[in-house]
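Right, one structure below, let's go through it.
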Amino acid sequence: MARATRVAVLASGSGSNLQAILDRVATGQLAVKPVVVISDVPEARALRRAQSAGIANQVIAPDDYATRSDWNAALATALSLADVDLVILAGFMRIVSPVLLQLFAGRVLNIHPSLLPRYRGLNTYERVLAAGDPFHGSSVHYVTEELDGGPVIAQVRVRIGDHESIASLAGRVQAAEHWLYPTVVSWFAAGRLAMRGDSAWLDERRLASPILFSESGEALPDSDPASFPDT
Ligand code: GRF
């Protein structure tokens, strides 16, 4: 039998996406083996979540290293020593180095709270509300050297209400992230997912556009979020 997919989760903050993954592993809904949680922030709640789940956890903070390249090397070494098959970025607020991306080519995922390629970078909720867009959402994508720019695998699309606040929108998007990310991780673990060139592939099919889900978790036939159909 093939070994369980060994995953590392990198998180800088609250770690609610980490928790969603750990919960599904604990209930047998997600067949991966979380082997280590790494944070760049010593007080990150994500580390305490890992402790509670009995998973190895480690602080690798840039301040503890003479140079950024030393920090990057420490991170790559920790992941290599843990013998991980998949690196999951979940609210990790640092850019990972090209060296690490080469070491784990096609094996690093991130979740970003927007319908990429819209709203790369920070403060996506503020920006989408200011722009008056009808939809927001979240994207799970492969990590490449381009910030929030790697091939997108799946997205959840959330309709923005008339009286939506940053907090309400963030709450809805994050609730959806908590099933979206484990779903994509399960595809990876089942060997259904690959990155080839600039594209994500699912079940040996190149994804011309990401797999798109509604807020309630239904796969939407129209998979072009930019078209914003009136659904
Ligand atoms: C998530 O909303 C994710 O989209 C973004 O950072 C947030 C992390 O939240 N990259 P948490 O730490 O998983 O609670």
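Read the numbers this way: they start at 1 and go in the same order the structure lists the ligands and their atoms. In what follows, residues are counted from 1 in the order of the sequence shown.
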Taking all non-hydrogen atoms of both residues into account, name the closest pair between Val185 and Val32 and its distance.
CG1-CG1, 3.9 Å
Shortest non-hydrogen separation from Val128 to Phe135 and the atoms involved
CG2-O, 3.7 Å
With salt bridge (Lys or Arg N to Asp or Glu O under 4.0 Å) as the rule and sequence neighbours excluded, what pairs involving residues 55-75 come up?
none
Less than 3.5 Å apart, N/O on ligand 1 and N/O on the protein: could you list those pairs with the distances?
from	atom 1	to	atom 2	distance (Å)
ligand 1	2 (O)	Glu177	OE1	2.8
ligand 1	2 (O)	Glu177	OE2	3.4
ligand 1	4 (O)	Glu177	OE1	3.4
ligand 1	4 (O)	Glu177	OE2	2.4
ligand 1	10 (N)	Ile111	O	2.9
ligand 1	12 (O)	Gly15	N	2.8
ligand 1	13 (O)	Ser16	N	3.2
ligand 1	13 (O)	Asn17	N	2.9
ligand 1	13 (O)	Asn17	ND2	2.9
ligand 1	14 (O)	Ser14	OG	3.0
ligand 1	14 (O)	Ser16	N	2.8
ligand 1	14 (O)	Ser16	OG	2.5

Please find the pair of heavy atoms, one from Thr144 and one from Pro151, that lie closest to each other, and give the distance.
CG2-CD, 3.9 Å
Classify the ring geometry of His136 against Tyr119: parallel below 30°, tilted from 30° to 60°, perpendicular beyond 60°.
perpendicular
At their closest point, which heavy atom of Tyr181 faces which heavy atom of Leu89, and how far apart are they?
OH-O, 2.8 Å
